[in-house]
Amino acid sequence: MRIYLDTKETELVSVICNYCKKELPIENGILKAEAIQVKHNFGYFSKKDGQTETFDLCEECYKRITSKFQIPVEKKDITELL
Ligand SMILES: [Zn+2]
C-alpha cells in the first residue's frame with residue numbers, strides 16, 4: 001500500500017508491502033527500494049466489475065509468490081536505460 005501526503009498523490013510518504021508488511025525506505029518522497037505495484041481494473045466479465053484493486057509487494061515477496069507459478073514469469077532484459 002502507498003500512503004501519500006495529499007489526496008492528489010504527489011508526495012509519497014510510505015510504501016508498505018501488502019504481503020509481509022515491510023515498510024520500504026523513502027527519502028524525500030522518492031522510493032529507495034524495489035516495489036512491485038499491481039493495479040487492476042476489474043471489467044464486465046468479473047464479479048468485481050467496476051472495482052479497482054491495488055497492492056504493493058517488496059521484491060522478496062514478489063520472488064516468493066512468482067516462484068510458485070506453474071509457468072514462470074516472462075523475462076526480458078531492458079537494453080535502454082534512461
Ligand atoms: Zn514483502
Side-chain angles (χ1 to χ4, degrees):
M1 66 176 288
R2 291 178 185 230
I3 299 167
Y4 291 90
L5 194 62
D6 56 347
T7 53
K8 290 181 181 175
E9 299 185 350
T10 53
E11 191 171 342
L12 193 60
V13 175
S14 181
V15 177
I16 301 166
C17 174
N18 284 70
Y19 195 85
C20 72
K21 290 184 170 179
K22 180 166 78 180
E23 188 166 358
L24 301 175
I26 289 179
E27 284 177 28
N28 301 320
I30 297 169
L31 182 62
K32 297 286 187 174
E34 191 70 19
I36 294 85
Q37 185 178 39
V38 178
K39 184 175 186 178
H40 185 74
N41 300 319
F42 287 88
Y44 183 74
F45 297 104
S46 169
K47 289 176 180 149
K48 296 182 178 187
D49 183 20
Q51 191 173 323
T52 298
E53 291 187 359
T54 308
F55 60 89
D56 287 274
L57 296 173
C58 70
E59 194 166 4
E60 291 78 19
C61 289
Y62 176 82
K63 281 183 197 169
R64 189 179 305 139
I65 292 167
T66 57
S67 68
K68 294 175 187 164
F69 286 0
Q70 295 297 310
I71 299 169
V73 296
E74 292 176 39
K75 295 178 184 176
K76 280 183 186 172
D77 291 327
I78 300 168
T79 52
E80 269 186 56
L81 295 173
L82 297 175

Peer 1: Taking Leu57 as the starting point, is it possible to reach Phe69 by hopping between hydrophobic residues whose side chains are less than 4.5 Å apart?
Peer 2: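 Same cluster.
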Peer 1: Step by step, would you call Asp49 with Phe42 a side chain to side chain contact (heavy atoms under 4.5 Å, CB included)?
Peer 2: CA-CA 5 Å; Asp49 183 20; Phe42 287 88; 5.8 Å; no
Peer 1: Just how far is it from atom SG of Cys61 to atom CG of Asp56, taken to the nearest 0.5 Å?
Peer 2: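 Cys61 SG to Asp56 CG: 11.5 Å, rounded to 0.5 Å.
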Peer 1: What are the two closest heavy atoms between Cys17 and Cys58, and how far apart are they?
Peer 2: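 Closest approach of Cys17 to Cys58: SG-N, 3.3 Å.
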Peer 1: Taking atom CD of Glu27 as the centre, does the number of heavy atoms from other residues, nucleotides or ligands within less than 6.0 Å exceed 12?
Peer 2: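 12 or below, so no.
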Peer 1: Going from CZ on Phe55 to NZ on Lys39, what distance comes out if it is rounded to the nearest 0.5 angstrom?
Peer 2: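 Phe55 atom CZ to Lys39 atom NZ measures 13.0 Å (nearest 0.5 Å).
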Peer 1: For Asp6, look at atom CG and say whether over 12 heavy atoms of other residues, nucleotides or ligands are found less than 6.0 Å away.
Peer 2: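 Yes, enclosed.
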Peer 1: Checking the side chain of Asn18 only, and the main-chain atoms of Met1 only, is there a donor and an acceptor separated by less than 3.5 Å?
Peer 2: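 At least one qualifying donor-acceptor pair exists.
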Peer 1: Between Val15 and Ala35, which heavy-atom pair has the shortest distance, and what is it?
Peer 2: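 That closest heavy-atom pairing would be CG1-CB, 4.2 Å.
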Peer 1: Starting from Ile36, can I reach Leu31 by hopping between I/L/V/M/F/W/Y residues whose side chains sit under 4.5 Å apart?
Peer 2: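 Each belongs to a different hydrophobic cluster.
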Peer 1: Report yes or no: do Ile26 and Ile16 belong to one cluster of Ile/Leu/Val/Met/Phe/Trp/Tyr joined by side chain heavy-atom distances under 4.5 Å?
Peer 2: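 No, it is not one cluster - the side chains of Ile26 and Ile16 are not joined through contacts under 4.5 Å.
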Peer 1: With side chain to side chain contact (heavy atoms under 4.5 Å, CB included) as the test, would you mind laying out the steps for Tyr62 and Glu34 before giving the verdict?
Peer 2: CA-CA 10 Å; Tyr62 176 82; Glu34 191 70 19; over 6 Å; no
Peer 1: Same cluster or not: Ile30 versus Leu24, using hydrophobic residues (I, L, V, M, F, W, Y) connected whenever any side-chain heavy atoms lie under 4.5 Å apart?
Peer 2: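 Per the 4.5 Å side-chain linkage, Ile30 and Leu24 are not co-clustered.
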